[in-house]
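Just so we're on the same page: letters track the sequence lines, and every chain starts at 1. Keep in mind that the numbers below use all heavy atoms, side chains included, and drop hydrogens, waters and symmetry copies. Just so it is clear, the model here is predicted, and its values are computed rather than measured.
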2 protein chains.
Amino acid sequence: MTKKQTEKAFLESYDIHDFDVPLTSVDMAIFTVRSEKLQVLLVKRAQHPALGQWALPGGFIDLKLDKTLMDTAKRKLYEKTGVRIPYLEQVETFGSQGRDPRGWSVTISYLALIPSDHITLGKDDSSEQVAWVPVDEAEDQYPLAFDHNRILEACHQRLRSKVQYTSLPVNLLPNEFTLTELQQTFELVLGNTVEKKSFRRRILDADILEATGNMKTGSNRPAKLYRVKPEGQSHFFTRNIEGPR
Amino acid sequence: MTKKQTEKAFLESYDIHDFDVPLTSVDMAIFTVRSEKLQVLLVKRAQHPALGQWALPGGFIDLKLDKTLMDTAKRKLYEKTGVRIPYLEQVETFGSQGRDPRGWSVTISYLALIPSDHITLGKDDSSEQVAWVPVDEAEDQYPLAFDHNRILEACHQRLRSKVQYTSLPVNLLPNEFTLTELQQTFELVLGNTVEKKSFRRRILDADILEATGNMKTGSNRPAKLYRVKPEGQSHFFTRNIEGPR
DNA sequence: TGACTTAGGGGCATTGAGCCACTAACATAA
DNA sequence: TTATGTTAGTGGCTCAATGCCCCTAAGTCA
């Protein structure tokens with residue numbers, strides 16, 4: 001018997017149902033900016049366990065539909081928001097004996113950023129109650145299901161941390177935006193102010209934006225409109241931005 | 001019937017064996033410095049699938065023994081190296097339909113750093129063949145089992161990236177070390193040279209080391225010995241280090 | 001036409017890193 | 001005892017990026 005035949009025989013006799021394995025799911029923190037606040041999407045659980053509690057959207061891997069974990073995340077995001085191509089990044093995997101009453105479970109958490117003008121709730125047929133909640137409120141005033149408060153904090157922390165040295169917040173804005181809007185979005189995510197000149201120098205030197213020539217009009221000098229260059233999605237800067245002391 | 005009773009009933013009737021779930025495991029890249037090279041621990045698989053191929057150490061979660069994913073990682077690390085308290089960090093979770101011939105599978109990867117003087121191979125009773133391999137060789141010349149080449153690259157990349165702005169490499173050295181040894185370790189991990197003065201300024205300004213007063217003797221000026229301050233395990237710097245142009 | 005508001009940039013001060021050369025402290029050999 | 005070689009450790013200049021302040025630009029509106 002060759003080694004290959006042996007492996008084939010092994011695989012034929014293998015059945016995962018014979019083993020004790022953890023439950024494995026995907027949960028995600030979907031962020032956007034609404035009413036000048038960083039907000040996160042929550043769903044009210046329509047099923048046991050934790051029925052009726054607020055939770056991060058998520059669910060099990062569909063072994064038929066999904067080819068990768070990212071597929072599961074994309075599917076969930078689309079079901080909840082109707083957004084197909086957002087910024088999506090894996091954050092951290094939580095797994096323990098007690099985090100789900102059903103037993104040993106593992107959840108892979110994802111961070112999603114979607115533009116504020118792309119929100120179309122209710123594509124989902126699960127008839128779950130869905131709400132956008134300011135992140136600070138969600139962290140401090142909502143007792144989320146399972147360990148979702150911890151997951152949310154991990155995602156929020158990752159977001160804040162990456163904003164220090166990347167251009168991530170462009171994914172929270174519509175296609176076209178002004179530098180002032182971009183700066184305000186940075187400030188929202190960072191939670192502190194940013195020095196205007198340093199910010200503009202940094203963004204423009206990074207060469208990730210292109211002006212669209214149009215102007216945004218108001219009762220003052222119009223601002224140039226920019227959009228992200230095709231390959232400029234996630235640029236890394238060299239230093240931090242800090243506000244005035 | 002109250003809500004709580006309903007949940008209890010739900011949990012009693014719940015059986016994970018009724019569902020299709022992915023296989024879930026933990027794999028890890030254990031790094032150390034040997035012969036002035038960054039090396040990684042590989043094991044030769046003693047079981048199907050991929051029997052006889054080199055792979056990263058890892059295995060399934062023991063739902064009885066392990067309370068968290070970190071426990072699984074610690075247990076595996078101890079089995080292979082005899083090290084109990086290393087630097088251990090979760091890196092990335094890989095999950096897909098095809099990465100394991102047994103079917104849909106998920107693996108949570110961990111990065112471990114152990115001091116070069118703590119290595120005691122063979123605590124394991126699995127009688128697997130175990131080897132330290134220079135990382136570059138492992139990546140380029142070893143066709144690892146499953147998607148372990150990709151996992152190794154992710155861990156290696158995470159390590160290199162974090163060395164840019166943290167003091168991680170102290171975990172690759174014995175308790176006491178000289179600044180020159182520390183610099184050499186940084187250079188090994190980074191793959192390029194580091195400017196001496198800048199390096200020392202940065203490390204000492206960070207205030208994460210304390211001199212032990214002793215000196216290391218040689219045929220030249222003795223170097224001060226340092227050790228990591230109790231709470232200085234993983235300091236974050238503000239900027240990058242770069243070698244001469 | 002002047003007041004008001006936000007966009008955008010000029011230019012200097014400050015800070016931290018790169019760099020090189022210099023001194024310090026040992027062993028060893030003449 | 002002294003010269004020599006080697007590595008440890010530092011002083012101090014240069015350069016580049018950022019912080020900071022304030023000026024100008026370009027609109028609306030009364």
Side-chain angles (χ1 to χ4, degrees), chain A residues 36 163-167 170 173 176-188 190 192-227 235-245, chain B residues 36 163-167 170 173-174 176-188 190-227 235-245:
Chain A
E36 297 175 20
V163 168
Q164 302 282 343
Y165 56 97
T166 69
S167 58
V170 297
L173 288 169
E176 296 193 327
F177 48 85
T178 68
L179 286 185
T180 302
E181 287 167 348
L182 184 57
Q183 179 175 344
Q184 286 165 349
T185 308
F186 268 81
E187 290 174 341
L188 271 179
L190 283 169
N192 58 31
T193 59
V194 165
E195 210 283 320
K196 185 171 63 164
K197 184 68 192 297
S198 304
F199 178 77
R200 303 173 86 92
R201 211 169 16 203
R202 192 164 146 148
I203 293 287
L204 295 177
D205 287 358
D207 198 36
I208 51 174
L209 301 184
E210 56 189 9
T212 59
N214 301 322
M215 301 283 188
K216 190 165 216 175
T217 177
S219 72
N220 48 23
R221 174 172 174 174
K224 277 187 196 166
L225 281 175
Y226 290 88
R227 67 171 165 229
H235 177 81
F236 282 72
F237 301 111
T238 49
R239 274 219 217 177
N240 290 350
I241 318 172
E242 278 164 34
R245 294 179 186 166
Chain B
E36 296 175 20
V163 169
Q164 302 283 344
Y165 57 95
T166 70
S167 59
V170 296
L173 287 170
E176 295 194 328
F177 48 84
T178 68
L179 286 185
T180 302
E181 286 167 348
L182 184 57
Q183 178 175 346
Q184 286 166 349
T185 308
F186 267 82
E187 290 173 342
L188 271 179
L190 283 169
N192 58 32
T193 60
V194 165
E195 209 284 320
K196 185 170 62 164
K197 183 69 191 295
S198 305
F199 178 77
R200 302 173 86 93
R201 213 171 12 204
R202 193 165 146 148
I203 293 288
L204 294 176
D205 288 356
D207 197 35
I208 50 175
L209 300 184
E210 55 189 11
T212 59
N214 301 322
M215 301 282 188
K216 193 166 212 174
T217 178
S219 73
N220 47 24
R221 174 171 175 175
K224 279 186 194 165
L225 281 175
Y226 290 88
R227 67 170 164 230
H235 177 81
F236 281 70
F237 301 111
T238 49
R239 276 219 215 175
N240 291 350
I241 317 173
E242 277 163 32
R245 295 178 187 164

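Checked by distance alone, A:R201 brings no side-chain donor or acceptor within 3.5 Å of a matching partner on the base of C:dG8.
Taking atom CG on A:L209 and atom P on C:dG8, their separation rounds to 12 Å, with Å as the unit. At whole-Å resolution of the value, CG in B:L182 and P in D:dA8 are 13 Å apart. D:dG9 atom P lies 12 Å from atom CZ of B:F199, rounded to whole Å. Separating the CZ atom of A:R200 from the P atom of D:dC22 is a distance of 19 Å, rounded to the nearest angstrom. If you take CZ of B:R202 and P of D:dT10, they are 18 Å apart, rounded to a whole angstrom. Rounded to whole Å, the distance from CD on A:E181 to P on C:dG8 is 11 Å. Spacing between atom OH of A:Y165 and atom P of D:dT18 amounts to 17 Å, rounded to whole angstrom units.
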Please list, pair by pair, any protein nitrogen or oxygen found under 3.5 Å from a nitrogen or oxygen in nucleotides 21-24 of chain C.
residue: C:dA24; atom: O4'; partner: B:R221; partner atom: NH1; Å: 3.2
residue: C:dA24; atom: N3; partner: B:R221; partner atom: NH1; Å: 3.3

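A:L188 and A:E36 get closest at one heavy-atom pair: CD2-O, 3.1 Å. Residues B:Q164 and B:L190 approach most closely at NE2-CD2, 3.4 Å, considering heavy atoms.
Residue-to-nucleotide proximity on DNA chain C shows that, of A:A223 and B:D205, the 5′-proximal contact is made by A:A223. Nucleotides of DNA chain D nearest to B:L204 and A:M215 differ in position, and the one nearer the 5' end is that of B:L204. Mapping A:N220 and A:K197 onto DNA chain C by nearest heavy atom places A:N220 closer to the 5' end of the strand.
In this pair, B:Y165 and A:Y165 present their aromatic rings tilted. The plane angle is within the 30 to 60° band.
Note on A:T178: nothing from the nucleic acid sits closer than 4.0 angstrom, heavy atoms only.
One distance of note links CG of B:L209 with CD of B:E176; it measures 11.5 Å at 0.5 Å rounding. In this structure, the separation between CZ on A:F199 and CG on A:L179 is 7.0 Å, given to the nearest 0.5 Å.
For D:dG19, one of the phosphate oxygens OP1 or OP2 lies less than 4.0 angstrom from a side-chain nitrogen or oxygen of A:S198. At D:dC29, none of the side-chain N or O atoms of A:S219 fall inside 4.0 Å of OP1 or OP2 (strictly under the cut-off).
Legend: residues meeting side-chain contact (heavy atoms from CB on, under 4.5 Å) with A:E210, ordered by chain and number and at least two apart, are A:R227, A:K229, A:P230.
Considering only side-chain atoms of A:P222, the nucleotide from D:dG9, C:dA7, D:dG27 that sits closest is D:dG27. For B:E195, whose side chain is taken as the heavy atoms from C-beta onward, the closest listed nucleotide among C:dG8, D:dG9, C:dG18 is C:dG18.
No side-chain heavy atom of B:V170 sits less than 4.5 Å from a side-chain heavy atom of B:Y226.
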